[in-house]
Amino acid sequence: MEIKENGQKKLLLSILGVAILVIAVIGISFAIYQTTFDQATANSIKTGTITVSYTEPSNAIDIEDAMPMSEKTALETLKTSNKTFDFTVTTKASGELTVPYEISITKVSGSSTLDEQYVRVYLEKNNGPVTLIGENAVQKEGLYSNLISNLKDSTKRQDGTKLLYSTSDTFDSENSTAINTTYKLIMWLDENYQMDNETQTKTYKAKVNVDSAVTPIAQ
Amino acid sequence: MENNINDDNNKKTLILSILGILVLIIAVVGVSFAMYKFTGTGTQENVITTGTVNMSFDNEEGNNISLTNEYPMTDEYAIQSKDTHKSEFTITANLSVESSVAIAYSIGIDDQNIEEGETLKKEYIKIALLDDDNNILVGTPNGLDSQELTGGTLISELESQQDNLINKYMLAHKLITGSNTSDKYTLYAWVADTYNLPTGNDNKDSTLDENVIKTEEDDKTKQEKTTKSETFKFKLIVKAKQLLDEEEYEEYQQ
């Protein structure tokens, strides 16, 4: 029995020896010169970050017993009485990037009974008036019904939302400080509105939206 | 009579012993004192000196791609601004014996040295590789045999590219037969325009847009969405091997 085991051990050792020899010979034959270089420092790509925020007051515009007004009167009266909707858009990006955004307005369906052709809209950006999208020389400025409804970037808003203003903030590699932009929205009843035979109060309700869609850099 | 026989045997044994000793002495002395002796020692050395193969992968420190605050971009823009996201490297080979030795080398991306972000993966990183003659080795040329680069190749699309030296992400390979060779390459990399920047939070308020955080403070409501920064890293690898016979050489030439 012991003799048999010894024989098997010798056989295994012999096979192992031959295998090592074969590997050594083949190894020498096929690796005369073979080398590998690794790049010392890895190539690294780190993406930047984008932040967009929209801050709105808890209390929206609420004008009771509204009367038709001219633009001049409306701006003076409503600003003085703080019946404006002041909101802030903040953007921030690291690195070189342009962050576009759109400000739009959406009628609250169901509870708005006033025809939008009598609703006037006025928007200020950092205390200066802005030209609303959709205005032109023929159409009356700031008339809600003249605003365009097809938003450029935020096409997901299909509920009659109208675009007020479109702009962008640009950041470069040396300046990534957040940009705060304040806006003031004023709405009033157009001076052409006829109050004749009105037996029932009419209202118009709308919400302001801010949408930003940053697309891949293309130019 | 019996005594005579024993005497004869003793004599024979004695004679044979003496004879044996004589033969031994003659043999030894004969070698030592040959009558003519010649010893020829070679004056010319037969020498085998191994050749030398010296290769290097030169990617100077600081010349690798190191980009921060990157955003997804179109191929067109990436190529237009390619000098801002490139890495140059040189592969040199010095062979002491020209023509009889061929070295094959391959450039690839080391799978072990790909570090992906949580979402910024090799499916969203595009690269292009050009040689010193502006031949496009990786990337999209503007037509067959064109040297005008019009697009990059996603690293993930290179996963199946292989040769005898590199079994994944093989970018280029070359045969060296000359004694001194220096090959310069330029690598470009950028974030593909299919990548969507991830947000840093998972707040999902059904009344808000996805991942928008809503806070209320001082009679104001703030909605905010911030993207999260991610990093993708990769290293190049160069593998070289001496080709031993014509069959292997032809295999590499194909």
Considering only heavy atoms, which portion of [X] lies under 4.5 Å from any heavy atom of chain A: side chain, backbone, both, or neither?
X: Ile103(B); value: side chain
X: Ser87(B); value: side chain
X: Asp193(B); value: both
X: Asn113(B); value: side chain
X: Thr215(B); value: neither
X: Ile125(B); value: side chain
X: Phe89(B); value: neither

Tell me if a side-chain donor or acceptor on [X] pairs with a main-chain N or O of [Y] at a distance below 3.5 Å.
X: Thr150(B); Y: Thr140(B); result: yes
X: Asp172(A); Y: Glu96(A); result: no
X: Glu123(B); Y: Leu154(B); result: no

Give, as side chain, backbone, both or neither, the part of Ala218(A) having an atom under 4.5 angstrom from any heavy atom of chain B.
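Both backbone and side chain.
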Under 3.5 Å, is there a donor on one side chain and an acceptor on the other for [X] and [Y]?
X: Asn209(A); Y: Thr106(A); value: yes
X: Thr35(A); Y: Tyr105(B); value: no
X: Asp110(B); Y: Gln112(B); value: no
X: Thr84(A); Y: Asp86(A); value: yes

Options [options], ranked by heavy-atom pairs under 4.5 Å with chain A, top entry:
options: Lys233(B), His85(B), Glu230(B); value: Glu230(B)
options: Ile237(B), Asp218(B), Leu187(B), Leu236(B); value: Leu236(B)
options: Ala78(B), Ala189(B), Ser106(B), Ala240(B); value: Ala240(B)

So which of Ala42(A), Gly95(A), Ser94(A), Ser53(A) has the biggest tally of heavy-atom pairs under 4.5 Å with chain B?
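Maximum pair count with chain B is reached by Ser94(A).
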Closest-packed option against chain B by number of heavy-atom pairs under 4.5 Å, given Thr51(A), Thr47(A), Thr55(A):
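Top count of heavy-atom pairs under 4.5 Å with chain B: Thr47(A).
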Go through Ile114(B) and Phe232(B) one step at a time and tell me if the side chain to side chain contact (heavy atoms under 4.5 Å, CB included) criterion holds.
CA-CA 8 Å; Ile114(B) 292 179; Phe232(B) 184 93; 3.7 Å; yes
Would you please classify the geometry between the Trp188(A) ring and the Tyr122(A) ring as parallel, tilted or perpendicular, with 30° and 60° separating the classes?
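Tilted: the ring planes of Tyr122(A) and Trp188(A) meet at 30° to 60°.
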